[in-house]
Amino acid sequence: MAGIKALISLSFGGAIGLMFLMLGCALPIYNQYWPLFVLFFYILSPIPYCIARRLVDDTDAMSNACKELAIFLTTGIVVSAFGLPIVFARARLIEWGACALVLTGNTVIFATILGFFLVFGSNDDFSWQQW
């Protein structure tokens with residue numbers, strides 16, 4: 001039952017994050033849809049870690065290069081997702097208020113993705129691999 005509660009709360013967090021992103025795009029005072037490009041970063045961010053997790057055996061207690069490279073690539077994707085709205089706002093493609101809404105949405109979405117891997121990432125009886 002705890003897994004279902006976690007899944008519901010993670011879904012709620014994802015919906016709240018996407019709501020902030022949509023508000024940054026669709027409010028009549030902003031009305032620019034350039035910030036939707038951060039959706040690509042939301043999709044790309046878990047991919048390196050998932051690939052490294054499939055390739056690496058977790059029995060080794062020491063960290064390995066494959067997992068560290070995946071964390072490095074994920075960090076680069078997350079930083080790019082936070083940098084893109086700032087670049088758009090500096091180039092005057094979007095307003096600063098829209099940038100703030102998108103950055104808030106980024107924070108919520110990436111916290112939700114991190115929470116997903118923390119809750120369902122272990123290899124116990126209730127893991128994300130069964131989904």
### Query
Roughly how far apart are Y49 OH and I71 CD1, rounded to 0.5 Å?
6.0 Å
## Note on the structure
Grouping ILVMFWY residues whenever side-chain heavy atoms fall under 4.5 Å, the cluster of L23 otherwise contains F12, I16, M19, F20, L27, I29, Y30, L101, V108
### Query
Is the gap between the ring centers of F41 and F110 under 6.0 Å?
no
### Query
Does one hydrophobic cluster hold both L21 and F40, with members joined at side-chain heavy-atom distances below 4.5 Å?
yes
### Task
Find out whether I47 and I77 are in side-chain contact, i.e. whether some heavy atom of one side chain is under 4.5 Å from a heavy atom of the other.
no
### Query
Looking at residues at least two apart in the chain, or sitting in another chain, which of them share a side-chain contact (heavy atoms from CB on, under 4.5 Å) with Y33?
C25, A26, N31, L36
### Test item: N106 and P85 side chains (from C-beta on) under 4.5 Å apart, heavy atoms
yes
### Message
Is there a path of hydrophobic side-chain contacts, each under 4.5 Å between heavy atoms of I/L/V/M/F/W/Y residues, joining L69 to F117?
### Response
no
### Close side-chain approach of Q32 and F88, heavy atoms under 4.5 Å
no
### Query
Do L93 and V102 share a hydrophobic cluster, counting only Ile, Leu, Val, Met, Phe, Trp and Tyr and linking them when any side-chain heavy atoms are less than 4.5 Å apart?
yes
### Task
Group every Ile, Leu, Val, Met, Phe, Trp and Tyr by side-chain heavy-atom contacts under 4.5 Å, then state whether V78 and L73 land in the same group.
no
### Message
Using the rule that Ile, Leu, Val, Met, Phe, Trp and Tyr join whenever any side-chain heavy atoms are under 4.5 Å apart, tell me whether I113 and V79 fall into a single cluster.
### Response
no
### Message
Between C99 and W96, is there a side-chain heavy-atom distance shorter than 4.5 Å?
### Response
yes
### Message
Please report the interatomic distance CG(L44) to CG(L39), rounded to the nearest 0.5 Å.
### Response
11.0 Å
## Note on the structure
Between L10 and G115, the two heavy atoms sitting closest are CD2-C, 3.9 Å
### Message
Assess the residue pair F82 and T107 against the criterion (side chain to side chain contact (heavy atoms under 4.5 Å, CB included)); give the C-alpha distance rounded to whole Å, side-chain angles, the decisive distance to 0.1 Å, and a yes or no.
### Response
CA-CA 9 Å; F82 280 96; T107 304; 3.6 Å; yes
### Message
With a 4.5 Å cut-off on side-chain heavy atoms, are Y42 and L18 touching?
### Response
yes
